[in-house]
Amino acid sequence: MTVRIATWNINSVTARLPKLLEWLESAEPDVLCLQELKCSTEAFPHEAVKELGYDTAAHGTGRWNGVAILSRIGLEDVVRGLPEQPGYLADDALLADVEPRAIAATCGPARVWSVYVPNGREVDHAHYRYKLDWLESLRRAVVEDAAGARPFAVLGDFNIAPTDEDVYDVAAFAGLTHVTPPERASLGNLREAGLRDVVPRPLKYDHPYTYWDYRQLAFPKNRGMRIDLTYGNKAFADAVTDSYVDREARKGKGTSDHAPVVVDLDL
DNA sequence: ATGACTCTCATTGAGAGA
């Protein structure tokens, strides 16, 4: 069967609901992984997407983070959070917060994770150590499925540009997160576990960027980054027939600062 | 040297994003 799986950091599903519904109707993905819902599980617009034929598994707590999987080809064995997922201990907090950044489900022939990897903020910030620890817990969570025969993929906002080619100007990122060797080594560990980077094609220009800052006309100047990734196992990657970044969804007012990434497969 | 833009929860600002 042909299956279309997509991932999109939507930067508030509440603010973006009209754009989301419009995009579901035009792109017609079978499965959509969402990140940065910025709403609680209860507040997710389940009914609105159900009218378009999608079941939803959401995992959110409110203002920050939040992930979901929408599917019109089945939604089984939902898991919220990574096993052994580390929490983030903020300066003014007494307890570490295990944030809603990962959700898994089986959708028809494939099992997928929708992930929103911590930003890291700055290299000397506690959030950066948290990011690396979080990525190690992700590796442990997926190592079995990565080596398995069932089509499997981790999709989402990894907040890492895999190579220097994946940022508009590597000099502009000197000393910053998203491009450091330890972050890239975490992606290397996922590849070593058997996952492959399914690189999409750009619909315009030379690089398949997926994120452009809202400021300073970054999108029209194409000052972007490829940080929304699809890491699939052999069965998944071998079944890919096409993949592209839908930059059309980044155009105009009221859009997310990320574009959806679409993956077509013959499973 | 700094801010830029957008979102949420708040209350005319803070915090986070990357």
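Chain letters run A, B, ... following the sequence lines, proteins first and then strands; every chain starts at 1. FYI, side chains are in, hydrogens and waters are out, and symmetry mates aren't considered; it's all heavy atoms of this structure.
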* Asked: Is the distance between the ring centroids of Tyr88(A) and His127(A) under 6.0 Å?
  ->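 That pair passes the under 6.0 Å test.
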* Asked: Are His125(A) and Tyr128(A) close enough that their ring centers fall under 6.0 Å?
  -> no
Verify, without hydrogens or angle tests, whether [X] (side chain) and [Y] (backbone) share a donor-acceptor contact under 3.5 angstrom.
X         : Y         : value
Asp157(A) : Tyr116(A) : no
Thr41(A)  : Gly60(A)  : yes
Trp8(A)   : His258(A) : yes

On the nucleotide [N], are OP1 or OP2 found under 4.0 Å from the side-chain N or O atoms that [X] carries?
X         : N       : answer
Asn11(A)  : dC7(B)  : no
His178(A) : dG17(B) : no
Arg121(A) : dG17(B) : yes
Tyr116(A) : dA18(B) : yes
Asn9(A)   : dA18(B) : yes
Thr177(A) : dA18(B) : no

Nucleotide [N], atom [atom2] - distance to [atom1] of [X] in whole Å:
X         : N       : atom1 : atom2 : answer
Gln216(A) : dT2(B)  : CD    : P     : 16 Å
Asp213(A) : dA4(B)  : CG    : C1'   : 8 Å
Phe158(A) : dG17(B) : CZ    : P     : 17 Å
Arg16(A)  : dT8(B)  : CZ    : C1'   : 12 Å
Leu17(A)  : dC7(B)  : CG    : P     : 14 Å
Asn65(A)  : dA18(B) : CG    : P     : 10 Å
Glu183(A) : dA18(B) : CD    : P     : 12 Å
Tyr209(A) : dA18(B) : OH    : C1'   : 15 Å

Separation of the [atom1] atoms in [N] and [M], to the nearest angstrom:
N       : M       : atom1 : value
dT11(B) : dG15(B) : P     : 12 Å
dA10(B) : dA14(B) : C1'   : 8 Å
dA1(B)  : dT12(B) : C1'   : 26 Å

* Asked: Can Arg111(A) be said to sit on top of Phe152(A)'s aromatic six-ring, NZ or CZ under 6.0 Å from centre and within 45° of the ring axis?
  ->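 Because its charged atom misses either the 6.0 Å distance or the 45° angle limit, Arg111(A) does not stack over Phe152(A).
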What I want to find out is whether [X] reaches [Y] closely enough, with some N-O distance under 4.0 Å, to be called a salt bridge.
X         : Y         : value
Asp257(A) : Arg215(A) : no
Lys50(A)  : Glu47(A)  : no
Asp30(A)  : Arg72(A)  : yes

Looking for any heavy atom pair under 4.0 Å, which part of the strands does [X] touch: base, sugar-phosphate only, or nothing?
X         : value
Asn119(A) : base
Arg223(A) : nothing
Phe173(A) : nothing

* Consecutive-pair stems (3 or more, Watson-Crick or G-U, under 3.5 Å) for DNA chain B ->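 In DNA chain B, stems of three or more pairs: B:5-9 with B:13-17.
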* To do: Between Lys253(A) and Ala90(A), name the one whose nearest nucleotide on DNA chain B is closer to the 5' end.
  =>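 In this pair, the answer is Lys253(A).
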To the side chain of [X], which of [options] is closest?
X         : options                  : answer
Trp64(A)  : dT8(B), dG17(B), dG15(B) : dG15(B)
Ile227(A) : dA18(B), dT8(B), dC5(B)  : dA18(B)
Arg63(A)  : dA14(B), dA18(B), dC7(B) : dA14(B)

